[in-house]
**Student:** 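Here it is: the structure, laid out below.
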Amino acid sequence: MLDRSASGARPAAPASTKPTIRRRISDPGDVSYLISVARRRWRIIAGLALAGLALGGAYLAAATPQYLATARILVDFRRLADIGQDQLAINNKVNDSAVDSQATIMTSDGVVGTVVRDLGLDRDPEFVEASSGVSRLLALAGLAEAAPETDEARRRVAIEAMGRRLRAVRVGVSYVIEVRALTRDAAKSARIANGIARAYIDDQLAAKQETAGSANDWYRRRVADLQAQAGEAEKAAVEYRARNEIMLVDGKFVDEQQLGELSTRLITARSDRAQAEAKLEQIEAILRNGAQGAVADEFRNTVIVALRQKRAQVSQRIAENTDRYGPAHESVERARAELREVQNSIAEEFRRLAAGTRSDAAVAKLNEEAISRGLEDLAARSGRAQAIRVELAQLQSKADTYKAMRDAFMSRFTEAAQEQTYPVTEARVVSEASAPLRPASPDPFRSLVGGLAAGLGLGCVVALAREITSRRVRDREQLEAAVRAPCVAVVGEMPALARGGGRAVPGGRPLEFAARDPLGAFAEALRGVRLAADVQRPPEPGRNGIVLGVIAALPGEGATTVASNLASVMAAAGSPTLLVDLDLRRRRLSALVRQDAAGTQAVGQGAGQEGGRGLQEVLDGTAPLREVIDRREATGLHVLPSSAVRDRLHPAERMTSPALETLLEAGRKGYRYVVLDLPPMLPVADARALAPQVDAFVLVTRWNHTTLEDLQNAMALNPGIAGKLVGVVLNRADPVMLQRADDLVLIRSLAYLDETALRQEAA
């Protein structure tokens, strides 16, 4: 239940009771939104698409046919190496840049110039003269270059023109390069493509031959110089060896061989000494431990093994007799004495082994010292001869280096001679170009499809731009996202929704359209609004009524029509309803009430109503409420219009007056619904001032008229109204456009309600 505050105001419903709203004002990335834009703006999209198709057809009809001929060249990179260079290493270094380099060479000015000269393209009008009337006009106006006059100028122009019509493209990841020539004549295109292939191969052969000739002369001179230097270096090494009496055995110096032998013997002696000392240390450790411990394999002998076995047997016998007779028995004492004798025997055997091992260690040490002294003497003698050997090694190394260089350059000289005699290029033609049977451009399919796609894309962009820039409310999601409240009803133009399928509506009064056609879509939509208000304040016995304000952001939204028909639907359903005109500036509702009263006699109409009295007189206390209220006979609705004369107070003062608060409180007690027709929120602040006295609000928005920014600004400026907003009514919607916007609720509702009404009338 909603509790009244001290001023009689009603708080808004808890936030948890409000339905979840999908907040989206306008999201061009949403597929459903784009589809709805296309359906609404299909004329723009279709028109621009047809225009693009027409432009593609015009280009197809006006363009000059061009023929493309293709020749294929294979570049064998196993031969793409300079003279004498390692072929395998070059092949491993080949990458995409090497292939692209060869393609660039094929379209270079040198290769293209050769083809221009051989085929006489510098005299071909297609390559020299202006190819279009526009180019000739620009040349006459001085905005472009005039036709060349000299032979060299024509040749340069032809090379540039041919370069624009020529392409060298690699085929996939292979070493095959396609040479493509595009001209107006099919045979000419084939001649140019084949000419480029031949000119490229000839250029490569000439470069190979020139390089091989230069390399051959240089290698010849270099081999002769290296031969002389190798001979002099070898002679110097032989003379130095004889002068210093250096002897060699199997290619090695004698003292070096002796050093090697002594080093080997010294290593062996040190190993023997280390083994003897380690053996001695282990035996001494065993003796210090009372002849206890593990014995290495080399220390084992039959005596120690037998004594250890006997010690184990005696120890076992001691343990058995101790368990059987006790530790103090005579047999146990004898066994212990025997065990001590065995231990002493083992220790004595280890002492004998230690003495022998100590002697072996001393002998090994003396042997090591003798070998070390001999090695030191030989090393001293070898050190004195080291300087001589170093000089000899340098002389011999110099001689070997010259010999290796001579042999390497001799091999390269042989290869260069072969290259010069029979040059081989790395490229060959694998497929010659032939005259194409059909032109490559213009392509009918690409021209038409491209024009259609361009027009379609431009149409979509224009349609989306118009949709975004308009920013007007067109569907439920936009409206709900802007006001953060559910759209509880979508209604169309009143004549369309007041009759279903052409059925006539009794009467023609705009205040009672919905009540006079209770089975129509308009009435059903307003019942949804009533249900939303009931959620705000559910009807219960003994509970006061609810004050419901119908409001709009701007004038002309249809709030008055919605308020009057909503009140009539509520009254026709049997709920006491009071409709109050609180738009004290326009008083549109009061004018409609008086217009209806002039045509039909209202029940209980008092003299005050006849004199134009209304709300203001009731608030001032000059007229009783029962005499001013207009009672509608058809629906039982009570209407409280505003005064027909000019009010002495400002409308804002009326909204905040205690008399109006008292009147609304009395309305809650006497009626189930008190519907207020309020002025718009943005132009004036009357509704904002009255917000504390109202229990709930219904916002009316006109379809394709109100902008999203206006709605957002209205909600931001009126937080008291936004907090009590139970729903929004999308008014005067176009059913056809809503259907294109994928909002089929209204269309299906009309069909369903029309069918239901016809069946009931037939029954």
Side-chain angles (χ1 to χ4, degrees), residues 1-5 7-13 511-512 514-515 526-527 529-540 542-551 559-584 587 589-590 593 614-619 624-626 628-632 635-642 651 654-679 686-687 689-700 720-721 724-727 729:
M1 171 178 281
L2 297 176
D3 297 332
R4 285 195 294 272
S5 63
S7 60
R10 292 294 185 272
L511 299 181
E512 298 176 344
L526 295 179
R527 289 189 185 95
V529 178
R530 187 191 68 183
L531 291 176
D534 289 339
V535 172
Q536 183 78 350
R537 188 176 177 84
E540 292 182 4
R543 171 181 287 181
N544 293 337
I546 179 172
V547 177
L548 180 64
V550 180
I551 197 169
T560 299
T561 303
V562 172
S564 61
N565 282 272
L566 175 61
S568 66
V569 169
M570 292 175 172
S575 300
T577 305
L578 174 63
L579 175 62
V580 184
D581 185 5
L582 282 181
D583 188 359
L584 303 180
R587 309 178 187 180
L589 176 60
S590 301
V593 171
L615 174 65
Q616 292 86 336
E617 284 75 16
V618 175
L619 297 179
L625 179 62
R626 62 180 178 275
V628 178
I629 288 179
D630 177 26
R631 299 174 178 84
R632 316 298 290 180
T635 60
L637 173 66
H638 290 186
V639 182
L640 178 57
S642 61
R654 289 292 188 189
M655 295 296 177
T656 57
S657 64
L660 180 59
E661 181 179 353
T662 303
L663 177 63
L664 294 179
E665 190 64 29
R668 287 191 183 93
K669 295 178 180 179
Y671 296 91
R672 168 61 188 137
Y673 301 102
V674 179
V675 181
L676 306 180
D677 180 22
L678 297 172
D686 297 355
L690 188 63
Q693 313 300 329
V694 182
D695 298 325
F697 287 92
V698 174
L699 178 65
V700 179
I721 297 176
K724 298 180 180 181
L725 194 62
V726 298
V729 176

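Positions are given from 1 along the sequence.
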**Student:** For the atom pair CD1 (I721) and CD1 (I551), what is the distance rounded to the nearest 0.5 Å?
**Tutor:** 4.0 Å

**Student:** I need the L526 CG to M570 CE distance, nearest 0.5 Å.
**Tutor:** 8.5 Å

**Student:** For a 4.5 angstrom cut-off between non-hydrogen side-chain atoms, does L663 reach L615?
**Tutor:** yes

**Student:** Rounded to the nearest 0.5 Å, how far apart are CG of D677 and CG of D583?
**Tutor:** 6.0 Å

**Student:** Should H638 and D630 count as side-chain neighbours, where that means a heavy-atom distance under 4.5 Å?
**Tutor:** no

**Student:** With a 4.5 Å heavy-atom cut-off, do L664 and L676 have their side chains touching?
**Tutor:** yes

**Student:** Under the 3.5 angstrom rule, does the side chain of D686 hit a backbone N or O of P679 as a donor-acceptor pair?
**Tutor:** no

**Student:** Keeping the roles fixed (side chain from T577, backbone from S575), state whether a donor-acceptor pair exists under 3.5 Å.
**Tutor:** yes

**Student:** Which atom names give the shortest non-hydrogen contact between A689 and T656, and what distance separates them?
**Tutor:** CB-CG2, 3.7 Å

**Student:** Flag the pair L579 / S564 as yes when at least one side-chain heavy-atom distance between them is below 4.5 Å, and no otherwise.
**Tutor:** yes

**Student:** Can you give me the closest heavy-atom contact between V726 and A696, atom names plus distance?
**Tutor:** CG1-CB, 3.7 Å

**Student:** Could you give the distance from CZ (R631) to CG (L578), rounded to the nearest 0.5 Å?
**Tutor:** 10.5 Å

**Student:** Looking at every heavy atom in both S642 and S590, which two are closest together, and how far apart are they?
**Tutor:** N-OG, 2.7 Å

**Student:** Is the shortest heavy-atom distance from the side chain of L584 to the side chain of Q616 under 4.5 Å?
**Tutor:** yes

**Student:** Considering all heavy atoms of both residues, which atom of A533 and which atom of I546 are nearest to each other, and what is their separation?
**Tutor:** O-CD1, 3.7 Å

**Student:** Less than 4.0 angstrom from a charged side-chain N to a carboxylate O is my criterion; do R527 and D534 meet it?
**Tutor:** no

**Student:** Which atom pair, heavy atoms only, marks the closest approach of N544 to E665?
**Tutor:** ND2-OE2, 4.4 Å

**Student:** Is any side-chain heavy atom of L566 closer than 4.5 Å to a side-chain heavy atom of L548?
**Tutor:** yes

**Student:** Minimum heavy-atom separation for A691 and G720, please, with both atom names.
**Tutor:** CB-C, 4.4 Å

**Student:** In Å and rounded to the nearest 0.5 Å, what is the CG to CG distance from L589 to D581?
**Tutor:** 4.5 Å

**Student:** Check whether any side-chain heavy atom of V698 lies under 4.5 Å from a side-chain heavy atom of R530, and answer yes or no.
**Tutor:** no

**Student:** Would you mind reporting whether L660 and Q693 have side-chain heavy atoms less than 4.5 Å apart?
**Tutor:** no

